[in-house]
Amino acid sequence: MQSETINLKKDLKKITGMLKTEALLALDFNDALVFSKILGRLHFDNISDLFCDDEFERKIYDKWHNSLISTLQKETNFKNKGNWCHIISRTYAIGGHTRLFNELWKGIGDRQIEQSIIITDKDKGKFSSKNRSQVSVLSGNLAKRSATIYEKACGHDVVLLHIHPDDIGAALAARKLQSEGTTVLFVNHSDHTFSFGTGASDGVLEISATGWKITEGFREAKSQNFIGIPFVPSNDITVGCNLNRSGPILSVGGSTKFCPMGDLNFANFLGLLMDLVPNEVVLIGPNPKDPWWRSLLDKYPTRISIMGLQDPKNVKIEYQRAACYVDSFPFDGGTVFSEAIMSGLPCFGLNKSSASGISPADSLRCEDIQELTEEVAKYLNQGIYKKQIDAVRENIKKNFTTEAVVEKVLQASVGKGVPLPTYLSDLETRGVEHFSIVKNDISEIVISKNSWNKLSFRSRIRMLNSIRGMHLSPQSARLLKRRIIFGL
């Protein structure tokens, strides 16, 4: 397995070199952007040890920045004075990152600041139907979109980048805006992966201690500013619910949060726990057809409900019914764990030895599945709960409301951002290498299907010819050829 991992890393390095060369030698702006996008997605998907490549990004910018010249610059400069602009790669209806944006949008608006949104890819969250006059959903090839981003964002006082790691077009537009005096802030929501754009900004807005430490050591950043995640609005802190130990055990998260990894198997944990307690289980988010639930559903067909994705209102209803909340694992819930704590529920979590330092909630985590099982069973059977959850709630009420986070963003926009709190730094135990270790069990490189069919024919022919001399492993060579030829 170790030799396979070494070979895969060599393949990743060779494919990276090819993509960078093709991007830098491209004769067409759109081809340069497509190659760069594929490069960014490659490092994101494989959770490589590359978190930023500002030198490459600057070279692409230096070659193509004149392609971003706006014909409407003078008009938009005047029109947008004093306003803020959010540049988003893709919106979603639910999820922690969607919540982060929604709360920032509301909180900044409450400060009487005019805002607009540029969506560079897809509007799955249907933001354009909710705020039609303020939202632009872009179309066309990547070159056209990048130029349009720059044109529409010109003249805004502040631009917030909520972009996907591979959104090179938005990063280049932001770099030009920043060079002309616009304040650009990069929201580091994919904080453990590679991303374009950090070096194009005046400051990186950090949401976790893990993200802060990775940026500090491995990303280009003019400044770092801790903002955190707005877990609750100040007027919606609903702690103090009626505790009901006979209610369901609740957990929330998408399918990937619960996908077993080594000994970390949430379904097996529930099997152990349900032998010890009479409670039902409600899971919101995962797919009941995922194979790891099958034996548990066969064993307890009437005691476990896997509900799939739900509207936030339905999630709140389940909070009110639940006896307690258990955070997802192997991948824990950054936002929902704190939300459950603020709902008033007794909460339990794993991953103490790999906590991200995203919230005071990380102090409630325990070391292993046996300890977690014992803690939950003791509470449900005997009412024994020894966690310092009240102190955690008070900290969240003080530092992680919408209003508190928005104030930190406003301070960062004028160069007065706040550092990472010491207590979050102390809670962070994940480490830079955590996710690369998680990925060490893969048998082949992940090469996304996206974007290959957007390359010009001459670029594809050139790449096919270059593969022969790259000496890739057979599986990587086959996959790369399939992507280049068929885009599949």
Side-chain angles (χ1 to χ4, degrees), residues 11-48 50-53 56-57 59-61 63-64 67-68 87-92 118-124 137-150 161-175 190 193-197 200 444-467 470 472 475-488:
D11 285 355
L12 182 62
K13 186 176 181 179
K14 292 172 184 176
I15 296 171
T16 295
M18 179 193 72
L19 291 171
K20 289 173 71 170
T21 299
E22 293 291 340
L24 292 169
L25 294 179
L27 301 177
D28 175 83
F29 183 34
N30 194 68
D31 268 1
L33 291 175
V34 175
F35 279 120
S36 301
K37 186 177 180 67
I38 293 171
L39 174 68
R41 183 62 186 261
L42 180 73
H43 284 279
F44 170 77
D45 284 337
N46 291 282
I47 311 184
S48 72
L50 183 68
F51 298 98
C52 151
D53 195 339
F56 168 77
E57 199 173 316
K59 287 179 179 178
I60 294 292
Y61 175 78
K63 183 174 180 178
W64 296 104
S67 299
L68 299 174
I87 300 176
I88 307 173
S89 300
R90 185 178 292 194
T91 67
Y92 300 92
I118 300 172
I119 300 172
T120 71
D121 189 5
K122 295 180 180 178
D123 184 22
K124 291 189 171 184
V137 183
L138 305 189
S139 59
N141 65 23
L142 295 184
K144 180 182 177 182
R145 294 185 195 204
S146 186
T148 304
I149 293 167
Y150 171 73
L161 291 178
H162 309 257
I163 60 174
H164 283 192
D166 62 350
D167 198 342
I168 181 67
L172 296 183
R175 190 173 288 268
S190 187
T193 72
F194 172 90
S195 186
F196 291 120
E444 63 179 33
I445 283 180
V446 178
I447 304 177
S448 173
K449 299 176 184 178
N450 296 340
S451 301
W452 293 93
N453 59 0
K454 297 174 183 176
L455 287 168
S456 64
F457 179 74
R458 67 174 180 269
S459 295
R460 294 194 198 191
I461 295 297
R462 193 168 57 246
M463 276 195 296
L464 284 172
N465 290 332
S466 66
I467 288 177
M470 290 173 64
L472 297 171
Q475 67 265 36
S476 294
R478 284 194 299 270
L479 180 59
L480 185 57
K481 287 178 182 178
R482 188 163 76 244
R483 296 287 186 262
I484 294 170
I485 296 171
F486 303 109
L488 299 172

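Remember, predicted model here, so these are calculated numbers, not experimental data. For this chain, numbers begin at 1 and follow the sequence in order.
Using modelled atom types, no side-chain atom of Asn46 and backbone atom of Ser48 make a donor-acceptor pair closer than 3.5 Å. No donor-acceptor pair closer than 3.5 Å links the side chain of Arg90 to the backbone N or O of Asp123.
Taking both residues in full, the closest heavy atoms of Trp452 and Arg460 are given as O-NH2, 3.2 Å, listed atom of the first, atom of the second, then distance. Listed here is the closest heavy atom pair of Asp121 and Val137: O-CG1, 4.1 Å. Nearest heavy-atom pair, Ala170 versus Ile87, reported as atom, atom and distance to 0.1 Å: CB-CG2, 4.0 Å. For the pair Ser146 and Gly169, the tightest heavy-atom approach, listed with the atom from each and the gap, is OG-O, 2.9 Å. When all heavy atoms of Ala32 and Ala23 are compared, the pair lying nearest together is CB-O, 3.6 Å. Here the shortest heavy-atom pairing between Arg145 and Gly140 reads NE-O, 2.7 Å.
By the salt bridge (Lys or Arg N to Asp or Glu O under 4.0 Å) test, Arg462 pairs with Glu22, sequence neighbours left out. Evaluation of the salt bridge (Lys or Arg N to Asp or Glu O under 4.0 Å) rule for Lys59 yields Glu55 as partners, not counting sequence neighbours.
Between His43 and Asp53, the closest side-chain pair of non-hydrogen atoms is not below 4.5 Å. Side-chain contact check for Leu480 versus Ile484: some heavy-atom pair is nearer than 4.5 Å. Residues Phe56 and Phe196 have side chains in contact (heavy-atom distance under 4.5 Å, counting atoms from C-beta outward). Asn141 places none of its side-chain heavy atoms less than 4.5 Å from the side chain of Val34. Counting heavy atoms from C-beta outward, Ser195 and Ser190 have side chains that stay 4.5 Å or more apart. In this structure, Leu455 and Ile38 have side chains that are in contact, with non-hydrogen atoms separated by less than 4.5 Å. Considering only heavy atoms from C-beta on, Asn30 stays 4.5 Å or farther from Lys144 through its side chain. Side-chain atoms of Leu472 and Lys14, non-hydrogen and from C-beta on, do get closer than 4.5 Å to each other.
The aromatic rings of Tyr92 and His164 lie parallel to each other, their planes meeting at an angle below 30°, with 60° marking the opposite boundary.
Atoms CZ and CD1, on Phe29 and Ile60 in that order, are 9.0 Å from each other to the nearest 0.5 Å. To the nearest 0.5 Å, atom CD1 of residue Ile118 and atom CD1 of residue Ile149 are 6.5 Å apart. How far CD of Glu57 is from CG of Leu39: 10.5 Å, rounded to the nearest 0.5 Å. To the nearest 0.5 angstrom, Ser459 atom OG is 11.0 Å from Leu464 atom CG. Rounded to the nearest 0.5 angstrom, Phe35 CZ and Ile168 CD1 are separated by 14.0 Å. Rounding to the nearest 0.5 Å gives a distance of 7.5 Å between CD1 of Ile15 and CG of Leu479.
Side-chain N/O atoms of Ser456 and Asp28 include no donor and acceptor closer than 3.5 Å.
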- Show your working on side-chain contact (heavy atoms from CB on, under 4.5 Å) between Leu33 and Leu172 and close with a plain yes or no. CA-CA 10 Å; Leu33 291 175; Leu172 296 183; 3.6 Å; yes
